[in-house]
Amino acid sequence: MSFKDFQFHPTIDAGITACGYTIPTPIQKEAIPSILAGRDILGLAQTGTGKTAAFVLPLLERLLTGPRKKVRALIVAPTRELAEQIHENIGRMGQQTNLHSVVIYGGVGKGKQISTLRAGVEIVVACPGRLLDLLNEKALTLSSVEVLVLDEADHMFDKGFLPDIRRIIRLLPKNRQSLVFSATMPGEIRHLAEEILNNPVAVQINHTLPAPSISHGLFRVATDQKTSLLKNIIKEREMTSTLVFTRTKHKAKSLALQLERSGFNAASIQGNLSQQKRQQALDGFRDGTYGILVATDIAARGIDVTGISHVINYDMPDTAETYTHRTGRTGRASLTGQALTFAGHEDSKMIALIERNLGKKMVRETTPTLAPLAEEDRREEKRENLPRHQAPRAKKTDTAGQGKSRRDKACAFDFGTRKTYQR
Ligand code: AMP
């Protein structure tokens, strides 16, 4: 099957070609015909399956006819990163359609978002909180919405957004098409889906299994040797685009700095960063400036970077589900990828859970002989591995971005994250 079989309008076919897509992914094959036919969809699909194009392409096709400069499609996403990515996808796939989208989320000024809305858009991609703010301020109305998309609905529930979602839905016309996507289906999401969807088509793509194109390796390693092991395997295996997960924000930051001190191009992305700094780290990872990105689970949600070769669980994930989310960042859209997990003796239970979920054993890797850490790194490791009450108090950080490391200075720029597509 090829994209031609969907018989999209030539302007949309041009967008598909611009994205470099030739063969639809399984979720696209299943969902696109039903969405084009106007049906509601309940899609059980994790990130990395191509679900964004599965809803964006038929959405653009629908909006080609009908009024312009009215909000006719609303896409709600739980994180700023995911909202940005969907908006960027719309920009790429719809580059010849002359349709306009705006991305709306908190943590940045409202001015640009409001002025873009005033100029007239057909598609709004939004996080719930800021959308409700702007609705209260009458910066937009949802009375013309024909299509609602809820993306990563399970994550909306995790973040406590369901009351906001229900508030938003009450403001939508009853007569509309609704599409709900979720990686998992807890009871609360099932109820929400029942409330929102009208006779939906269920589309389910490997919802609990990581993509089959990923291999899974396991290293047994003591806590104070993890950093040495990480440096060793990044070098030995010539890793190019590597996403490293740590449990805490502090560790993400300090590990990236240690890697940088050892000559690796590394950045971190964690909840303490401003939106500009997060975007700068992400953009740098995407364009190859940073070969290594160290992230916490929350910060990494929705990261969409094609070609991530390795995902490394420096710290074990808390649940088998989190393992799936983390490792789903590699091997996307059927590219191959490798997931490597560092584990101590205390992690045996979690390994068993993950392996049950995977339906197979992770490959036991041989831990190489490790070089001792440099003195500065050794001291830092020791400090970090102290029990919390013995740990020294953190120094105040330089929020103005002056007088610190090279990266801190670089991050003080405004990288213009509030992009809108005006074609
Ligand atoms: P998503 O699940 O929407 O986050 O998509 C995962 C990745 O797959 C993104 O980088 C997309 O650009 C890419 N992708 C989506 N559809 C296709 C396709 N049909 N062929 C190749 N890559 C695709």
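Whatever order the structure lists ligands and atoms in, that order sets their numbers, starting from 1.
Residue contacts with ligand 1 for Q28 involve side-chain atoms from C-beta outward but no N, CA, C or O (heavy atoms, distance under 4.0 Å).
Backbone and side-chain nitrogen or oxygen atoms of R92 are examined, and none is located within less than 3.5 angstrom of a nitrogen or oxygen of ligand 1. Polar contact with ligand 1: present for Y21 (N/O pair, distance under 3.5 Å). Checking only distances, G50 does come within under 3.5 Å of ligand 1, N or O to N or O.
For ligand 1 and T52, the ligand atoms under 4.0 Å from any heavy atom of the residue are 1 (P), 3 (O), 4 (O). Every atom of ligand 1 with a heavy atom of I23 under 4.0 Å away is listed here by number and element: 18 (C), 19 (N), 20 (N). The atoms of ligand 1 that sit less than 4.0 Å from any heavy atom of F3 are 19 (N).
A distance below 6.0 Å separates the ring centres of Y323 and H216.
Note: F181 and F55 have tilted aromatic rings, judged against thresholds of 30 and 60 degrees for the angle between ring planes.
Of the options E81, H87, E84, R80, a side-chain hydrogen bond (donor to acceptor under 3.5 Å, both in side chains) to Y105 is made by E84 and by none of the others. Residue T341 forms a side-chain hydrogen bond (donor to acceptor under 3.5 Å, both in side chains) with just one option from D347, D315, N313, T327, and that option is N313.
Salt bridge R364/E355: present, at least one basic N to carboxylate O contact under 4.0 Å.
Side-chain contact annotation: K249 with T296, donor-acceptor N/O pair under 3.5 Å absent.
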